[in-house]
Amino acid sequence: MAKDNMPKTDFRDAILWHLTYTLGKDPDHAQIFDWRMALSYAVRDRIVDRWMAATRETYRADAKRVYYLSMEFLIGRLLEDNIVNMRLADEARSAIESFGLNYRSVLLDEPDAALGNGGLGRLAACFMESLATLGCPAYGYGIRYEHGLFRQSFADGRQHEAPEDWLQQPYAWEFERPEAAFTLGFGGRVVSRDGKAVWEPENFVKSEAFDTPVVGWKGRWANTLRLWSGRAVNPFDLERFNAGDFAAAAENEALARTISRVLYPEDSTEKGKRLRLTQEYFFSAASIRDILRRFLSDHADLRLLPQKVAIQMNDTHPAIAGPELVRLLHDEHGLPFEEALHITQGCVNYTNHTLLPEALESWGEDLFASLLPRHLQLIDRIDDAHAKANPSRKVAARGEGRVKMGELSFIMANRVNGVAALHTGLMKTTVFKELHRLHPERIVNETNGVTPRRWVHSCNPRLSTLITDTIGEGWVGDLEQLTKLEPHIDNPDWLSRFTEVKALNKADLCDWITRDHGLMLNPQAIFDVQIKRIHEYKRQHLNILEAIAHWQEIKDNPGAGWTPRVKIFGGKAAPGYFFAKDIIRLINDVSVVVNADAQTNELLQVVYLPNYNVTMAERLIPAADLSEQVSTAGKEASGTGNMKFALNGALTIGTLDGANVEIRERVGADNFFLFGMTVDEAEARRNVEAHATKAIAADPRLARAVDAIRSGVFSPSEPDRYAGIVANLTGADYFLVASDFSDYWRAQREVDRAYADAQGWARMAALNVARSGWFSSDRTIRGYMADIWNAKSLIGQE
Ligand SMILES: *Cc1c(COP(=O)(O)O)cnc(C)c1O
């Protein structure tokens, strides 16, 4: 690609042009929204040039394309990302300031696109950015939810959910593609005609495409994120309208749009909802058709499909894409079944994200048959073919009256990957043990990563400047260059600049929390942060129990030289997950009591910030001293929050779980606060009778903290408010909170001591930054390209 083929128009003029002619606003009357949109369009114009060039290049090279199918894309805001990647930051800032506006306020005016729940969706968004940075021809496919993840607020400490409406305003980045629509069938029956199975669906909806260009670092390449929206085939019934039945006249359209109306706010448990399966088929089927249409636009031989197409299924949500491709190749293009299956297996790959049994998707046969009758038949044939080729009948996609999406995905896939080394190993010995025995080459590991553009360069400009001043700018596109920082860490001047960065970031966070949440924090304290979905396995209740015990100890002995601490929580609970919601309320109740205690609040504060999202993560992570990664060993597949923190100079307190293991290996055991049981120890502990009561009896601090909750210290108006949590902690305690408590307490006091040595702490924090470069999603995507997709970059090395 030509290096500099953008029009030479002045960027400031381009903003004014869009303000006038796209938005129809006189600069004298423009609001911040208008300016933000005008700026976005001016940036977008430049991206479009790169985008079209990339598309032309992909066609010219007849390159293999990667298709990333994901039910979730947790995008966040795009304006700054795009400005930074297009190298327009200085121009954009000076233009905006020349109009008398505050640049940051304009950036913050953009709504946070939350088309995902948490880590899985954010991974998809980081991957899109890295695919573009690496010049790998790729499309992301998902659903254009009208309402993303709900907005969280607290009333009386309890989570309150309100609909999120990021699409209330026009979305600056997307292009509507009414011409790229498919009609998709649902339900009905399968009949036999001339000895062939013919699916006669009962209902039809249209999938309409909306394209967002995703541009990589330095604007060298851009790919497409294509999101599908539901539309009625016959949107309007004039006859009913003329008969006066106005609501019914638009009923078809309302029903069709329901499909893309809301994101399911479940991050790891499946509700057997018909609409959910409809959503899954809707976006998978539309995407598969689009992929085939693009392939057939310049190839005739369907047997070449695996050479030109790699499909990645982000978890099992798009698992129906496999049978759908078989169906199109066999039923509609007339290929023999075995050949259709073989071709499909050459294209499809599957990423597993969880080993939690309740999170492994499966559907009742009856529901499945009523929605996708032909696919159910094909799944039986797929199972038969698999059983015939493999001397084992123990594994099948269909069994016990259910369709199991994990097994289906595995059987259909060319490669199956886990998302961290530990997790991949556990896949082989637990959920996919038998399938792994049959297909020992299929499972590979691709440890997750995060994009350094968003998660260091943009969100932490002070650190970014220090790094660039020290080692040059190459690290942004090649994060492993961060190791070049190591020799500078022993230079006291450099280390004091590093310390200053964190102090200023903490001061910014304090200002924001004071302004937006009316709370004054002690900036000298350890900023101890746990931000992620609320889930029992992530053990926010372990963290709050430790806070309670800590508070009680400070009260016992206020002069013991405690290191001041601010505990910050953020995260949403699925609306139907009552235990998680109790944890939220408990943290809020504890924060009220602890923050009001004049005897201790110089030393300990607890803050729960509502509505955690990507934007909030970008604010909090650069200001964190301590990263809480305390999941029960074996339960967190990887985590990516853990990587963001380490890259921004926070030390981790964590268990040997997910990617924590690899983070610790890389940053060094001395620079990581490890505690808790290993996977094997946790397994063994669960088999100890009354393990929780025994652990509580053995640790007076824990016993006293549990007692405080039980007796209503934090809920005086309703002492038994937390009876459920107490019963769990003293009973089944499946996630082993009680059994890990003592060692967690020990590690936290080690944190206190380490923090008291400011130099020593800064050194450890800086080593975390210098040694975490491997956790770039560029490295992860290179791994997928080499091990899974066999895809090539279309841009050369710099
Ligand atoms: C990175 C990120 C996550 C994932 O966090 P984990 O700690 O890995 O669970 C979730 N939500 C948001 C908004 C994120 O940015």
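Quantities reported herein were computed from a predicted structural model and do not represent experimental measurements. Order of listing sets the numbers, starting from 1, for every ligand and every atom in it.
Between Y141 and Y139, the ring planes lie parallel to each other; the angle is under 30°, not in the 30° to 60° tilted range.
Remark: the backbone N or O of N728 is not paired with any side-chain donor or acceptor of D733 at under 3.5 angstrom.
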task = Take D743 and R746 through the test salt bridge (charged side-chain N to carboxylate O under 4.0 Å, His left out) and record every step on the way to the result.
result = CA-CA 5 Å; D743 202 34; R746 173 202 55 77; 2.6 Å; yes
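The nearest pair of heavy atoms linking T451 to C126 is N-SG, 3.5 Å. Annotation for K644 and I621: closest pair O-CG2, 3.5 Å, computed over non-hydrogen atoms.
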Dump the pairs for me: ligand 1 N or O, protein N or O, distance under 3.5 Å, to 0.1 Å.
| unit_1 | atom_1 | unit_2 | atom_2 | d |
| --- | --- | --- | --- | --- |
| ligand 1 | 7 (O) | K532 | NZ | 2.7 |
| ligand 1 | 8 (O) | T640 | N | 2.8 |
| ligand 1 | 8 (O) | G641 | N | 3.0 |
| ligand 1 | 9 (O) | K538 | NZ | 2.8 |
| ligand 1 | 15 (O) | K644 | NZ | 2.6 |

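For the pair R144 and W228, the cation-pi test (distance below 6.0 Å, angle within 45°) is failed.
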